[in-house]
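Beneath this line is the structure, given in structure tokens, with notes to follow.
Fair warning: this is a prediction, and the values are worked out from it, not measured in the lab.
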Amino acid sequence: IMAGTGSNAFYNLAISGNLIAPTSSITVAGNWVNDGAFAHNGGAVVFNGNSLVSGVSTTTFDHVTLATGATLTGHSSYMVVVGNWNNESGVYNHNGGTVVYEGSSTSLISGATTFYNFFCDTPGKPLTFAAESSQTVLGLFTLTGEETNQIVLQSTAAGSCWNIVFPNGTQTVNYVDVRDSNASNHTVTVVGGTDSGNNNANWIFTILGDRYWVGGAGNWNQTAHWSLTSGGAGGASVPGTNHVAAFDAKSGSGTCSLH
């Protein structure tokens, strides 16, 4: 356990047991190796040198800061951020990995960062981007909220856009409420989401309609058997009074039970 209210500065930090961080901050100038268990305790980790995140254990950070002039190479698999991502003019090397945003608290994303994969499947989570900032996603931009509890993408200043760039292809997200955003190079299709404020560029909002039964035999109330497209992935909401429930050649064999 790291105690106290001051900062704790390290060159390399290797975790092999259990490390509970202080509620203030940890500063790391070298590498971060997590082969144990790290509890962020609501504190920040500041990378201010040339750092690589690695280790067999997944690291869940609360707040991450890339100091000016720092270089951070992300984990080749994934790392989790619960709170803020602040790039103070540092360099982030994505290393082909995924940055996962989870937890119910607001995550503020500031500075300019090139991510490989950007992922969030926490319904209702607010992701707030600094106004006029620009983020780049080279791989997949995966956001999955719920029909009645959408992930919120918003600017720090209402009416002032945040930018996101997709150099390598179009993207599709589900159940997302988008405000004041400009997507460039390729479009983003929002399935079942909300266009808040009508100040979004290159975001395509589709109206949810039919639900398709997939995966063969099962129970009507199992969301795994409902898809937004014929033969598509399950996980859509169970059909309600405003939906058409469709059973077709791609539904699979067996019975859909109503009990």
Whether the side chain of [X] engages the backbone of [Y] through a donor-acceptor N/O pair (distance < 3.5 Å, no angle test) should be reported.
| X | Y | answer |
| --- | --- | --- |
| N168 | L138 | yes |
| S51 | G30 | yes |
| N31 | L52 | yes |
| S107 | N84 | no |
| H225 | N219 | no |
| N41 | A21 | yes |
| S227 | T229 | yes |
| N117 | L140 | yes |
| D62 | A44 | no |
| S155 | A157 | yes |

Can you tell if the side chain of [X] reaches within under 4.5 Å of the side chain of [Y], non-hydrogen atoms only?
| X | Y | answer |
| --- | --- | --- |
| S181 | I164 | yes |
| R179 | L153 | no |
| T122 | I151 | no |
| W226 | P239 | yes |
| E132 | S160 | yes |
| L143 | L127 | yes |
| L72 | V53 | yes |
| V214 | K250 | no |

Inset, instruction - Any chance you could lay out the side chain to side chain contact (heavy atoms under 4.5 Å, CB included) test for V188 and N202, step after step, and finish with the verdict? - result: CA-CA 7 Å; V188 187; N202 297 318; over 6 Å; no
When hydrophobic residues are tied together by side-chain contacts of less than 4.5 Å, even through go-betweens, does [X] share a cluster with [Y]?
| X | Y | answer |
| --- | --- | --- |
| M79 | V137 | yes |
| F115 | Y78 | no |
| F38 | L13 | yes |
| I26 | V81 | yes |
| V46 | V64 | no |

Inset, instruction - Mark yes when over 12 heavy atoms from residues, nucleotides or ligands other than Y11 sit less than 6.0 Å from its OH; otherwise mark no. - result: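 At most 12 heavy atoms, drawn from other residues, nucleotides or ligands, come within 6.0 Å of this atom.
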Inset, instruction - Using side-chain contact (heavy atoms from CB on, under 4.5 Å) as the criterion, list what pairs up with T68, not counting sequence neighbours. - result: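 Counting only residues at least two positions away or on another chain, T68 forms a side-chain contact (heavy atoms from CB on, under 4.5 Å) with E88, S89.
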From [X] atom [atom1] to [Y] atom [atom2], the distance as rounded to the nearest 0.5 Å:
| X | Y | atom1 | atom2 | answer |
| --- | --- | --- | --- | --- |
| T189 | N174 | OG1 | CG | 10.0 Å |
| T156 | I109 | OG1 | CD1 | 11.5 Å |
| Q135 | S110 | CD | OG | 8.0 Å |
| T59 | N34 | OG1 | CG | 3.5 Å |
| T98 | Y116 | OG1 | OH | 8.5 Å |
| F129 | N163 | CZ | CG | 11.0 Å |

Work out which heavy atom in [X] is nearest to a heavy atom in [Y]; give both atom names and the distance.
| X | Y | value |
| --- | --- | --- |
| K125 | C120 | CD-SG, 3.9 Å |
| E147 | R211 | OE1-NH2, 3.4 Å |
| N182 | A201 | OD1-CB, 3.3 Å |
| S54 | H75 | CA-CD2, 3.5 Å |
| S184 | V165 | OG-CG2, 3.3 Å |
| N48 | T27 | ND2-CG2, 3.3 Å |

Inset, instruction - Please list, chain by chain and in numerical order, all residues satisfying side-chain hydrogen bond (donor to acceptor under 3.5 Å, both in side chains) with W162, sequence neighbours excluded. - result: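 With neighbours one apart ignored, the set is empty.
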Inset, instruction - Check step by step if side chain to side chain donor-acceptor pair (under 3.5 Å) holds for T71 and N50. - result: CA-CA 5 Å; T71 298; N50 191 347; 5.0 Å; no
Inset, instruction - Let me know which of Y101, Y92, F61, F47 forms a ring-ring contact (aromatic ring centres under 6.0 Å, His included) with W85. - result: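 Only one option passes, and that is Y92.
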Going by atom type alone, with no hydrogens or angles, which donor-acceptor pairs under 3.5 Å involve a side-chain atom of residues 192-199 and a protein atom two or more places apart or on another chain?
| residue | atom | partner | partner atom | Å |
| --- | --- | --- | --- | --- |
| T194 | OG1 | Q150 | OE1 | 2.9 |
| T194 | OG1 | Q150 | NE2 | 3.3 |
| D195 | OD1 | N200 | ND2 | 2.7 |
| S196 | OG | D177 | OD1 | 2.6 |
| S196 | OG | D177 | OD2 | 3.3 |
| N199 | ND2 | D180 | OD1 | 2.7 |

Legend entry - Sub-6.0 Å ring centroid separation between F141 and F166: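 Centroid distance F141-F166: below 6.0 Å, so yes.
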